[in-house]
Amino acid sequence: MEEIDRQIMALLADDGRMSFTDLAKRTGLSVSAVHQRVRRLQKRGVIRGFTAQLDNEQIGLPLTAFVSIKPIDPAAPDDAPDRLAHLEAIEACHSVAGDESYILKVRVASPNELEELLQQIRAAANVATRTTVVLSTPWEGRRPAL
């Protein structure tokens, strides 16, 4: 990957709303050249989209937890991600090595909602859970070192 593409990706990772004009000024390219490069990065799947970063406390989801799941029956199909995809409180699903099969990042409004969500996870995927509640998040969402 070219260094100029890495620079464009870093700029967009820091500010996904940066205009093509501002990208061009920061990279020394023309607006059309930046536009072409961004479009090419999107077509290749390097840039998958642009999102808004929300303040979870302000939108009513102050409680974050990590839920490790392990199948109750080790011989059962490994389809937990498909079985859990409908649960909107699950923000991320990571396949992991170790005792558990997956670690889920969840966001809910209250401990009661977390308890309900854990019951839904267990029932939907036939798994055992182990939960770690986040007390605070000094930082998250770092962009990769480009």
Side-chain angles (χ1 to χ4, degrees), residues 1 3-27 31 34-146:
M1 181 168 301
E3 182 57 34
I4 195 73
D5 288 338
R6 290 183 187 282
Q7 187 179 2
I8 290 169
M9 289 185 302
L11 290 167
L12 288 174
D14 289 339
D15 179 3
R17 295 185 64 181
M18 186 175 286
S19 69
F20 289 124
T21 302
D22 289 338
L23 282 169
K25 287 177 186 173
R26 300 280 300 268
T27 59
V31 174
V34 167
H35 189 261
Q36 288 175 351
R37 284 180 179 267
V38 169
R39 192 172 32 210
R40 192 175 325 127
L41 290 167
Q42 287 176 298
K43 283 183 181 178
R44 289 178 37 209
V46 176
I47 295 175
R48 295 189 320 213
F50 302 90
T51 61
Q53 294 180 355
L54 307 177
D55 183 316
N56 292 298
E57 288 197 25
Q58 289 192 40
I59 62 170
L61 300 172
L63 197 155
T64 302
F66 292 96
V67 180
S68 300
I69 64 172
K70 181 163 73 171
I72 292 174
D73 177 7
D78 184 12
D79 60 355
D82 294 332
R83 290 173 171 243
L84 298 172
H86 70 283
L87 297 174
E88 293 181 3
I90 300 174
E91 182 177 300
C93 176
H94 303 278
S95 176
V96 296
D99 290 336
E100 287 89 10
S101 299
Y102 296 91
I103 295 178
L104 312 173
K105 181 179 182 181
V106 305
R107 294 192 193 268
V108 292
S110 67
N112 285 340
E113 280 193 22
L114 178 59
E115 188 172 22
E116 290 173 22
L117 178 62
L118 292 172
Q119 291 171 353
Q120 291 172 343
I121 289 169
R122 291 181 194 119
N126 195 31
V127 294
T129 61
R130 185 174 55 88
T131 304
T132 302
V133 174
V134 175
L135 298 177
S136 69
T137 304
W139 51 263
E140 76 175 332
R142 280 186 165 175
R143 69 170 170 84
L146 300 170

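Residues: numbered from 1 along the sequence shown. The analysis underlying the following values was restricted to heavy atoms, covering all of them including side chains, and did not include hydrogens, waters or symmetry mates.
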Original post:
Nearest heavy-atom pair of S68 and I103: which atoms, and what distance?
Top reply: OG-CG1, 3.7 Å
Subject >> Any residue meeting side-chain contact (heavy atoms from CB on, under 4.5 Å) with D73, in chain and number order, not counting sequence neighbours >> reply: A75, A76
Original post:
Between A65 and T131, what is the shortest heavy-atom contact and its length?
Top reply: CB-CG2, 4.0 Å
Original post:
With D82, which residues qualify under salt bridge (Lys or Arg N to Asp or Glu O under 4.0 Å), at least two apart?
Top reply: none
**OP:** Please list, chain by chain and in numerical order, all residues satisfying side-chain contact (heavy atoms from CB on, under 4.5 Å) with D14, sequence neighbours excluded.
**Re:** R143
**OP:** Specify the closest pair of heavy atoms between A80 and I69, including all atoms of both residues, with the distance to one decimal.
**Re:** CB-CD1, 3.9 Å
Subject >> Heavy-atom side-chain proximity of T137 to T64 below 4.5 angstrom >> reply: no
Subject >> Gap separating the CZ atom of R26 from the OG atom of S19, nearest 0.5 angstrom >> reply: 11.0 Å
Subject >> For the student: nearest non-hydrogen atoms of V34 and L23, plus distance >> reply: CG1-CB, 3.5 Å
Original post:
Quick one: CZ on F20 to CD on Q36, what's the gap to the nearest 0.5 Å?
Top reply: 10.5 Å
Original post:
Does NZ in K70 sit with more than 12 non-hydrogen atoms of other residues, nucleotides or ligands closer than 6.0 Å?
Top reply: no
**OP:** Tell me, with the steps shown, if F66 and H94 meet side chain to side chain contact (heavy atoms under 4.5 Å, CB included).
**Re:** CA-CA 10 Å; F66 292 96; H94 303 278; over 6 Å; no
Original post:
How long is the gap from NZ on K105 to OG1 on T132, to the nearest 0.5 Å?
Top reply: 13.5 Å
Subject >> Point-to-point distance, once rounded to the nearest 0.5 Å, from CE of M9 to CD of Q7 >> reply: 10.5 Å
**OP:** Name all pairs fulfilling the side chain to side chain donor-acceptor pair (under 3.5 Å) condition that reach into residues 113-122, sequence neighbours left out, sorted by first residue then second.
**Re:** R122-T129
**OP:** Heavy atoms only: give me the nearest V134-S136 pair and the separation to one decimal.
**Re:** CG1-O, 3.4 Å
Original post:
Please walk me through it: do I90 and I121 pass side chain to side chain contact (heavy atoms under 4.5 Å, CB included)?
Top reply: CA-CA 10 Å; I90 300 174; I121 289 169; 4.3 Å; yes
**OP:** Identify, with sequence neighbours excluded, every residue that meets side chain to side chain donor-acceptor pair (under 3.5 Å) alongside R130.
**Re:** E100
Subject >> With sequence neighbours excluded, residues passing side-chain contact (heavy atoms from CB on, under 4.5 Å) with D15 >> reply: R17, M18
Original post:
Could you state the interatomic distance from CD (E91) to CG (N56), rounded to the nearest 0.5 Å?
Top reply: 6.5 Å
Subject >> Inter-residue atom distance E88.CD - R107.CZ, 0.5 Å rounding >> reply: 15.0 Å
Original post:
Taking C-beta and beyond as the side chain, do V46 and M1 meet within less than 4.5 Å on heavy atoms?
Top reply: yes
Original post:
Looking at L84 and A124, what are the two nearest heavy atoms and their distance?
Top reply: CD2-CB, 4.0 Å
